[in-house]
Chemist: 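I am attaching a structure below and will ask some questions about it afterwards.
The basis for the numbers below is simple: all heavy atoms, side chains too, and nothing from hydrogens, waters or symmetry mates. What you see is a predicted model; the values in this text were computed from it and never measured.
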Amino acid sequence: MAFYFNEVSHTFNEYLLVPGYSSSECIPANVSLKTPLVKFKRGEEPAITMNIPLTSAIMQSVSGDRLAVALAREGGVSFIYGSQSIEDEAAMVARAKAYKAGFVVSDSNVSPESTLEDILELKAKNGHSTVAVTSDGTSAGKLLGIVTGRDYRVSRMSYDTKVKDFMTPLEKLIVAPEETTLKQANDIIWDNKLNSLPIVDKNGCLKYFVFRKDYDAHKENPNELLDAHKRYVVGAGINTRDYAERVPALIEAGADVLCIDSSEGFSEWQSRTIGFIREKYGESVKVGAGNVVDREGFLFLAKAGADFVKVGIGGGSICITRETKGIGRGQATALIDVCKARDEYFEETGIYVPVCSDGGIVHDHHMTLALAMGADFLMLGRYFARFDESPTNKVSMNGNYYKEYWGEGSNRARNWQRYDLGGDKKLSFEEGVDSYVPYAGTLKDNVSLSLSKVKSTMCNCGALTIPELQQKAKLTLVSATSIVEGGAHDVIQKETSLGNIK
C-alpha cells in the first residue's frame, strides 16, 4: 500500500507570521541578511556567504551574465543557465567574472553602414542612448565613433540615413587607454564634462565604456559580493549528462559555485554528478543539488556531498510538472519538512547544509515566510525575469510593457537535460509554459524594495538576523476567509473602479 502523508500540503499563501516582541534595537537599519550559500562544519565559516538571501534561477529567460553582475552588486548570486552549449555558458561566466566595476562592455554596437533605424531599434531594446560605432559592429571592434541622442533628430532625418553620416567620429572623441584606472577615468569625465569615456586597447579596439551616471551608483553598492580577487561572485548551472566536460570548462571560466539543474534531485544521476566533482576536485568546487521535497530527498543529497540543497517541485509560476505528472508538494510543507531534516543532520554530523527554497514565491512577504520556515536563501525566476537585466525582450502590449518568460521545461527552452531520467536526448513532453511577466524596471530598485519589506517584517518578529528569525518566528495557518480579509475588501478602490479621484 502506498505511503500517505498525514499533513495536507500547504503553500506560502496559507501562512501568516504572528508578531513577536520588538525591542528598540529592532529597526530595519540594524537587520543583517547575511546567509551561507554552501555547507560548513560546526565552528567554521562557510566558503561563500551571501549578503542577501537571493539567487536567480538557472533559466534561459532569467540568468545571463548581465543579471549575474547586477545581482552580485546587491549581494546575491546568479546561476547562469546551463541549457546552452558548454562554450557559450563558459563565455557568459567569463564575461561576468571579467567585469570591472565601472567598466561597462558595450551591448549597443553598430557599424558605420548601419542606419538610424538600427540605432532606434537598439535604443528600444536596451534602453541605452550611447551606441558604439565599430569597424565590425561588435563590442570588441575598432572604435570609429559613437552615437548619442545629440547626434540625430528623428523628425528631421530619414530612417535609412547611414550611421557614418551623423555619428560623432573618433577624432572628435576623448578616449583613454586600457590601463586607465576607474579613478583616472572618472577624473577625465569630470574634467572634460563628458557623459561617457570609451576605453580602447593599443590597437584602437573598444574595451569598455565608463559612464558619468555610474559614478554615484558605485558608491551605492555596500553589499556587493566579491571573491578574493575583487571580482563578482558568479554561479553556473550544470546537468547530469555532460558534467565531465561542462564542469571543467566552467571552473576554468571562473565560476565560484555550481548547481545541478534538475526538476527532481532524488536520483542516482545527481549522486554520480556530485561524485565526479568530489573525485576530481575534492571539496574545492562547490556544487548545489536538487530539487527535493521531503526529508529522504534531502538526506540523500546531503550524504552524496551536496553543498546546498534546493527544495521545490512544481511550484514555479511557469512550471506545470504537477499538472502533467502529478508530482510535487506544496512549497511551504516541503520546505518545513526539509529544513527540519537539515537541522537534525547538523546535530548528528556537525555539517550544516544550507537549504534553498526554489519556487512558490508570489508576493514579497512570501520571501520572509520562506526564511522563517527555515530556508537559508531563495531561488527566484519570475521575480528576476521582470527586470531590465534579464536576457529577454521587452515588449509592448495594450499600452503596457512586459518581458518574455519561459520555463526550462517548455518547448521553447527544450531543456531536456533538466527532466532527464536516463532516456533519449529529447524533450518528450512539456513541463513548462511560454509566457510574459509585467516589466518592473531595474533589479536594484526592486530588490531594495523587496528586502526593505523583509527587514521590516523581521523587526516585527523581534529578529535582526535570519537565524534569529527562524528561532523566534511564530507561524499560523490561515483559512480561505482570512486570506480574503487580509486584502482590501468591502470598499470601492479609487484607482481600479473610479480612476484617480482626488
Chemist: List the atom of A289, the atom of C259, and the distance in Å for their closest heavy-atom pair.
Modeler: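 Reported closest heavy-atom pair: N-SG, 4.5 Å.
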
Chemist: Let me see the working for L250 and I80 under side chain to side chain contact (heavy atoms under 4.5 Å, CB included), right down to the final yes or no.
Modeler: CA-CA 10 Å; L250 296 175; I80 289 175; over 6 Å; no

Chemist: How long is the gap from CD1 on I313 to CZ on R329, to the nearest 0.5 Å?
Modeler: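 I313 CD1 to R329 CZ: 10.5 Å, rounded to 0.5 Å.
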
Chemist: Looking at K394, I want to see if its NZ is surrounded by more than 12 non-hydrogen atoms of other residues, nucleotides or ligands under 6.0 Å.
Modeler: yes

Chemist: Is there a donor-acceptor pair closer than 3.5 Å between any side-chain N or O of S396 and the backbone N or O of Y401?
Modeler: no

Chemist: Counting only N and O atoms by type, is there a donor-acceptor contact under 3.5 Å from the side chain of S452 to the main-chain atoms of L449?
Modeler: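 It does hold such a pair.
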
Chemist: List the atom of L443, the atom of F387, and the distance in Å for their closest heavy-atom pair.
Modeler: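 Heavy-atom minimum between the residues: CA-CD1, 3.6 Å.
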
Chemist: Please determine, by modelled atom types, if S448 and D445 share a side-chain donor-acceptor pair under 3.5 angstrom.
Modeler: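 No, no side-chain donor-acceptor contact under 3.5 Å.
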
Chemist: For S263, does its backbone N or O pair with a side-chain atom of N291 as donor and acceptor, under 3.5 Å?
Modeler: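 Here the side-chain-to-backbone pair does not exist.
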
Chemist: Can R386 be said to sit on top of Y383's aromatic six-ring, NZ or CZ under 6.0 Å from centre and within 45° of the ring axis?
Modeler: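 Yes, R386 and Y383 form such a contact.
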
Chemist: Do Y232 and L225 have side chains that get closer than 4.5 Å, going by heavy atoms?
Modeler: no

Chemist: When you compare the side chain of H128 with that of F211, does any pair of heavy atoms fall below 4.5 Å?
Modeler: no

Chemist: Are Q84 and Q60 packed together at the side-chain level, in the sense that at least one heavy-atom pair is separated by less than 4.5 angstrom?
Modeler: no

Chemist: Are side-chain heavy atoms of L71 and I52 found at a separation under 4.5 Å?
Modeler: yes

Chemist: Rounded to the nearest 0.5 Å, what separation is found between the CD1 atom of I466 and the OG atom of S32?
Modeler: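 Result: 7.5 Å between the selected atoms.
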
Chemist: Between the side chains of D364 and S450, is a donor N or O closer than 3.5 angstrom to an acceptor N or O?
Modeler: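 Yes.
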
Chemist: Applying side chain to side chain donor-acceptor pair (under 3.5 Å), run through D118 and T115 and close with a yes or a no.
Modeler: CA-CA 5 Å; D118 296 323; T115 64; 3.3 Å; yes

Chemist: Please answer whether the main-chain N or O of L182 pairs with a side-chain N or O of N186 as donor and acceptor at a distance below 3.5 Å.
Modeler: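 It does hold such a pair.
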
Chemist: Check whether any side-chain heavy atom of V147 lies under 4.5 Å from a side-chain heavy atom of L116, and answer yes or no.
Modeler: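 A side-chain contact under 4.5 Å is absent here.
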
Chemist: May I have the step-by-step check of side chain to side chain contact (heavy atoms under 4.5 Å, CB included) for F209 and L197, ending in yes or no?
Modeler: CA-CA 6 Å; F209 274 108; L197 176 69; over 6 Å; no

Chemist: For residues P28 and S456, report the shortest heavy-atom separation together with the two atoms involved.
Modeler: CG-CA, 4.3 Å

Chemist: How many angstroms lie between CD in Q331 and CD1 in I336, if you round to the nearest 0.5 Å?
Modeler: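 Reported value, rounded in 0.5 Å steps: 10.5 Å.
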
Chemist: Please report the interatomic distance CG(N393) to OG(S61), rounded to the nearest 0.5 Å.
Modeler: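 Result: 11.5 Å between the selected atoms.
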
Chemist: Measuring from F308:CZ to M379:CE, what's the distance to the nearest 0.5 Å?
Modeler: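 Between atom CZ of F308 and atom CE of M379 there are 5.5 Å.
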
Chemist: Can any side-chain N or O of D151 pair as donor or acceptor with the backbone N or O of T148 at less than 3.5 Å?
Modeler: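 Yes, the answer is positive, given that a donor and an acceptor are paired below the 3.5 Å cut-off.
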
Chemist: Do you know the tightest heavy-atom contact between A90 and A253?
Modeler: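 The pair with the smallest heavy-atom distance is O-CB, 3.3 Å.
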
Chemist: For the residue pair H363 and H365, categorise the inter-ring angle as parallel (less than 30°), tilted (30 to 60°) or perpendicular (more than 60°).
Modeler: parallel

Chemist: For the pair S390 (side chain) and A385 (backbone), establish whether a donor and an acceptor sit closer than 3.5 Å, ignoring hydrogens and angles.
Modeler: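 Checked: pair present.
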
Chemist: Side chain to side chain contact (heavy atoms under 4.5 Å, CB included), that's the test. Do K193 and R212 meet it? Break it down for me.
Modeler: CA-CA 9 Å; K193 299 180 179 180; R212 172 189 287 262; 4.3 Å; yes

Chemist: In Å and rounded to the nearest 0.5 Å, what is the OG1 to CG distance from T168 to L144?
Modeler: 13.0 Å

Chemist: Hey, are S158 and D160 close enough side-chain-wise for a donor-acceptor pair under 3.5 Å?
Modeler: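 Side chains of D160 and S158: pair found under 3.5 Å.
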
Chemist: Answer with yes or no whether the side chains of S56 and S63 bring together a donor and an acceptor at under 3.5 Å.
Modeler: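 Distance-only check passes for S63 and S56.
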
Chemist: Taking the side chain as every heavy atom from C-beta outward, state whether T442 and E389 have any pair of such atoms under 4.5 Å apart.
Modeler: yes

Chemist: Between R246 and R241 (side chain of the first, backbone of the second, donor and acceptor by atom type, cut-off under 3.5 Å), is there such a pair?
Modeler: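 Judged by distance alone, no pair lies under 3.5 Å.
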
Chemist: Parallel, tilted or perpendicular: which one describes the rings of F12 and H366, with boundaries at 30° and 60°?
Modeler: tilted

Chemist: Return yes if some donor-acceptor pair links the side-chain N/O of Y15 with the main-chain N/O of L475 below 3.5 Å, else return no.
Modeler: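 Here the side-chain-to-backbone pair does not exist.
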
Chemist: Evaluate the side chain to side chain contact (heavy atoms under 4.5 Å, CB included) criterion for residues L258 and I251: first the C-alpha distance (whole Å), next the side-chain angles of each, then the deciding distance (0.1 Å), finally the verdict.
Modeler: CA-CA 9 Å; L258 307 175; I251 297 305; 4.2 Å; yes

Chemist: Report yes if the side chains of V454 and V31 come closer than 4.5 Å at any heavy-atom pair, otherwise no.
Modeler: no

Chemist: Side chain of D227, backbone of V233: donor and acceptor closer than 3.5 Å?
Modeler: no

Chemist: When you check the gap from the basic side-chain N to the acidic O, do D256 and K97 get nearer than 4.0 Å?
Modeler: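 Judged by the 4.0 Å cut-off on N to carboxylate O distance, D256 and K97 do form a salt bridge.
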
Chemist: Could you tell me if the side chain of L54 sits less than 4.5 Å from the side chain of L451, heavy atoms only?
Modeler: yes

Chemist: Does E74 use its side chain to pair, donor to acceptor, with the backbone of N223 at less than 3.5 Å?
Modeler: no

